[in-house]
Enquirer: 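The structure follows.
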Amino acid sequence: MSGKPKLIYFNGRGRMEPIRWLLAAAGVEFEETFLDTREQYLKLIKDGSLMFHQLPLVEIDGMKMVQTRAILSYIAGKYNLYGKDLKERAFIDMYVEGITDLTNMIMMFPFSPPEAKEKNLALIMERATHRYFPVFEKALKQHGQDFLVGNKLSWADVQLIEAILAVEEKFPAVLSGFPQLQAFKTRMSNMPVIKKFLQPSSPRKPPPDDRYVATVLKVLTE
């Protein structure tokens, strides 16, 4: 049996993508099993692998972990990406929760009904540029360091670069008014572990398409 973490999810981003990002940032190789039938999903439930009948599922250190936040917290703590003390952890948590609010909007966008897509897309841009990115622009400027918390890579930095790139896919010029975030993006993208994850051959998943949406709906709702 391999000692690598095993990720069980759909062959797409969704709630597993931040987990892939964090493992990659920690320099940890992992294996993936992709679900594409409802039978596979129901078998996981029957086997007792899904505590709340929800994905994602990560098998790591002899555990079958569910709930995205719990999985990410464990990985961040295990690989020293969760600050040096409780105060730093509190700031990392605040930043992560904010970023997650934004990335959840992006994650759910492909599932929007056609008549709501234009409105939802505009809302993502509005929230990114007026609510979320200004917070991180200010934090980096006031902090005067390369990273959001302390002067060390943390879970918050990894989630932020993921979010920036996801928003840029929809709005390429979104960082035009955020020089600190532009510099942050450059620094993070050039870190060897991140640079490797950004290569086409990496486990990073492409933006969700209609096939991905159909697979998720088939597996979870049929």
Enquirer: I'd like to check the side chain to side chain donor-acceptor pair (under 3.5 Å) partners of Asp210; sequence neighbours left out, ordered by chain and number.
Expert: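 Asp210 satisfies side chain to side chain donor-acceptor pair (under 3.5 Å) with no residue once adjacent residues are dropped.
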
Enquirer: Applying salt bridge (Lys or Arg N to Asp or Glu O under 4.0 Å), can you list everything that pairs with Arg15, at least two apart in sequence or on another chain?
Expert: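 Scan of Arg15 (salt bridge (Lys or Arg N to Asp or Glu O under 4.0 Å), adjacent residues dropped) gives none.
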
Enquirer: Please name all residues satisfying salt bridge (Lys or Arg N to Asp or Glu O under 4.0 Å) with Glu168, sequence neighbours left out, ordered by chain then number.
Expert: Lys185

Enquirer: Kindly check if the number of other-residue, nucleotide or ligand heavy atoms within 6.0 Å of OH (Tyr79) is above 12?
Expert: yes

Enquirer: Test Ile124 against Phe171 for side-chain contact (heavy atoms from CB on, under 4.5 Å), laying out the working first.
Expert: CA-CA 10 Å; Ile124 290 170; Phe171 307 100; 4.3 Å; yes

Enquirer: Give a yes/no verdict on a cation-pi contact between Lys6 and Phe30, requiring under 6.0 Å between NZ or CZ and the six-membered ring centre and an angle within 45° of the axis.
Expert: no

Enquirer: Report yes or no: does Tyr41 contribute a side-chain atom to a donor-acceptor pair with the main-chain N or O of Leu55 at less than 3.5 Å?
Expert: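 No; zero donor-acceptor contacts below 3.5 Å.
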
Enquirer: Between Ala156 and Ile99, which heavy-atom pair has the shortest distance, and what is it?
Expert: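 Smallest interatomic distance, heavy atoms only, reads O-CD1, 3.6 Å.
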
Enquirer: Does the side chain of Asp36 pick up a donor-acceptor pair with the side chain of Thr215 at under 3.5 Å?
Expert: no

Enquirer: Given 3.5 Å as the limit, does a donor-acceptor pair link the side chain of Asn190 with the main chain of Lys195, or not?
Expert: no

Enquirer: Between Ser112 and Lys117, does any side-chain donor sit less than 3.5 Å from a side-chain acceptor?
Expert: no

Enquirer: Are Phe34 and Phe10 close enough that their ring centres sit under 6.0 Å apart?
Expert: no

